[in-house]
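Below is one structure, written out as structure tokens; comments come after it.
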Amino acid sequence: MSAAYHAFRQHGDHISKFYITTPIYYVNSVPHIGTAYTTIMSDILARWHRLAGDDVFFLTGTDEHGEKVAKAASANGESPKEFTDRISVKFIDVWKKLNISYDRFIRTTEAEHTKTVDRFVQLLSDSGDIYKGEYAGWYCVPDETFLTELQLVNGRCPECGREVKWVKEEAYFFRLSKYKDRLLEYYKSHKDFLSPEFRSKEISNRVEGGLKDLDITRISVDWAIGFQPDPKHYIYVWIDALTNYLTGIDWPDGEKFKEFWPADVHVVGKEINWFHSVIWPAMLMSAKIELPRKVFAHGWLTVAGEKMGKSKGNAIDPVQLADKYSADALRYFCAREISFGRDGDFSEAKLVERINNELVADLGNFLNRVVTMAEKFDGKIEGEPELEGKLDLDGIRKSMDELDTLSALDTIWKFLGELNKYVNDKAVWKLEGKELSNALYNLLEGARIISILISPFMPDTAARMSEQIGVKLGTLKDCKFGEFNGKVSKKGFLFKKVDTKA
RNA sequence: AGCGAGGUAGGGUAGUCUGGAGUGCCCGUCGGGCUCAUAACCCGAAGACCGGUGGUUCAAAUCCACCCCUCGCUACCA
């Protein structure tokens, strides 16, 4: 987010809008730790902006067309419709478990979406950017899968190892090549568009190398949206998937579209960065629709140092983790351990380490010791703010504007450290009367502020914290020392220490 | 092959664009303090020729050149 935007928001009560999207997930497999990572990070950003008072729209959903889905369905003895209905619910369930606060869950099989695709194709066509040509490529007949030269393994299908066939078929193309210069121009004049910065370089370099027109239809695929101008053709992936961001806010005439477009950030994995940074903007230019403000490509997770994959059998189920350690612990880990944008490593041992050291020892223990002392005290808790200067709220804001959750949490934990230190330095347990009241005032106000600041990361923990302090969970505006008027009541630990000896 | 990223104490990272004492964070190790608290909290210390070589500069982790190692991308794996 730009400095200008930031300054703007700090003046007066103007409410900014914030439209954030995750990729839509392909339903041929259930959510794994990688999918969960993308969605959790997006949710944290969405919640942060709500906390800051922005009007937020957060979109996620599932990508449900394609031959692989049709195949998976028939392998299960189901129709594609039955299959996608069933699997998409699994995604919804997982997001519920992980406390994902999306505003809309879109499915590309919705009737609304077909309308979007039809209109969108019409616009591209109106701009003269669609033409009929011939697609040629490798095709695995039994798998019904199109393959690129590079995907082949020893000239055979990477999935089943069988021979592939060189096929040619009539297809419609989008004039992607036409947009090379305009794209490069756009990247240049909108420095924040592609991030992190190194991705921007990566994309610019590749675009400079030239763009090939893109085949957008197929004949031999039929679990897909029809191509209106020529009914024997079907839309092949690109347009179908990318336009979900428009359908999600009721393009072209809906109120939501008017309020929320352009998207403020498309959060994507690095593997689909190309589609969002090149193909999508080019198509939007062709359709004469404003471009999104930012495409953020995050890195990938390895699992205990190894690349994750079905064949490796090391795919991690986020639901199991959430059941075992709580969704909040998992969410915290994602935001605290991995530099958003770079590749990171996930391992249960690291997760447990973070839980025991940071969530149990620093945070949970802090609340517990303060609440214990406060409960014993029967006077009125009031005093002078002594710790205000220890909180770098602007620093946290700035970090979050830069999507740097790691340093935002770092700064929050610094403040937490100051609170713990204050307990020791003042030997609060030895104080009495006015002095005790004053110390408790500072500690409880500190705890209250922390509960607000961590709420985007750990909504459940934040709620339980404010409940013990006996105050209503506030927003970013309330992150300053004021009058304390909570009623403290101890209600057990925020996090339980994980036994690592077992 | 091309393009990109990374190589910073025992491990993991930030800092590099906009050069200025090796500066920070998390874990681990060692010593001390405290006993309100979940064997938690607080303080202090040890530990790094910042991948290598050469160059620019009063000054280089940071800029330039070359080299070595690891990883990724190359057109739907989040």
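In what follows, every chain begins at residue 1, and chains take the letters A, B, ... in the order their sequences are listed.
- Between Ile239(A) and Phe120(A), the shortest heavy-atom distance links the atoms CG2-CD2, 4.0 Å.
- With rounding to whole Å, Glu358(A) atom CD is found 14 Å from G28(B) atom C1'.
- As a whole-Å value, the separation of Lys180(A) NZ from A75(B) P is 18 Å.
- In this structure, the CH2 atom of Trp413(A) is 12 Å from the P atom of C27(B), given to the nearest Å.
- Straight-line distance between the C1' atoms of G32(B) and G19(B): roughly 39 Å, to the nearest whole Å.
- Nearest-nucleotide assignment on RNA chain B puts the 5′-proximal partner with Lys414(A), out of Thr38(A) and Lys414(A).
- In this structure, His233(A) and Tyr172(A) have perpendicular ring planes: the angle between them is above 60°, well past the 30° mark.
- As rounded to whole Å, 13 Å separates atom P of C73(B) from atom CZ of Phe275(A).
- When heavy atoms are screened at a 4.0 angstrom cut-off, Tyr236(A) is found touching base atoms of the nucleic acid.
- U74(B) and A1(B) make up a base pair, with Watson-Crick or G-U wobble contacts both under 3.5 Å.
- Between A39(B) and A78(B), the two C1' atoms lie 40 Å apart (nearest whole Å).
- Of the charged side-chain nitrogens involved, at least one lies within less than 4.0 Å of a carboxylate oxygen, so that Glu348(A) and Lys324(A) count as a salt-bridged pair.
- We find that CD1 of Ile216(A) is positioned 20 Å from P of A75(B), with the value rounded to whole Å.
- The gap from the P atom of G4(B) to that of A65(B) amounts to 12 Å, rounded to the nearest Å.
- Taking atom C1' on both nucleotides, G10(B) is separated from A60(B) by 27 Å, rounded to a whole Å.
- Between Ser277(A) and Phe193(A), the shortest heavy-atom contact is O-CE2, 4.3 Å.
- In this structure a side-chain-to-backbone donor-acceptor pair under 3.5 Å is missing from Thr411(A) to Gly395(A).
- Distance check on atom C1': C68(B) versus A21(B) gives 30 Å, rounded to whole Å.
- Here the P atom of nucleotide C25(B) and the CD atom of Glu337(A) are 17 Å apart, to the nearest Å.
- In this structure, CE in Met458(A) is found 6.5 Å from OH in Tyr332(A), a value given to the nearest 0.5 Å.
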Per-nucleotide protein contact along nucleotides 32-46 of chain B, 5' to 3', at a 4.0 Å heavy-atom cut-off (B base, S sugar-phosphate only, - neither), is -BSSBBB-SBBS---
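- Picking from C27(B), A78(B), C26(B) the nucleotide with the shortest atom distance to the side chain of Glu353(A) gives C27(B).
- When rounded to the nearest whole Å, the span between CZ of Phe296(A) and P of A78(B) equals 18 Å.
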Begin from the C-alpha positions of Tyr236(A) and Thr217(A) and carry the test side chain to side chain contact (heavy atoms under 4.5 Å, CB included) through to its verdict.
CA-CA 5 Å; Tyr236(A) 184 65; Thr217(A) 72; 5.5 Å; no
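- Taking the C1' atoms as reference points, A1(B) lies 32 Å from U56(B), given to the whole Å.
- The separation between Trp274(A) atom CH2 and U74(B) atom C1' is 9 Å, rounded to whole Å.
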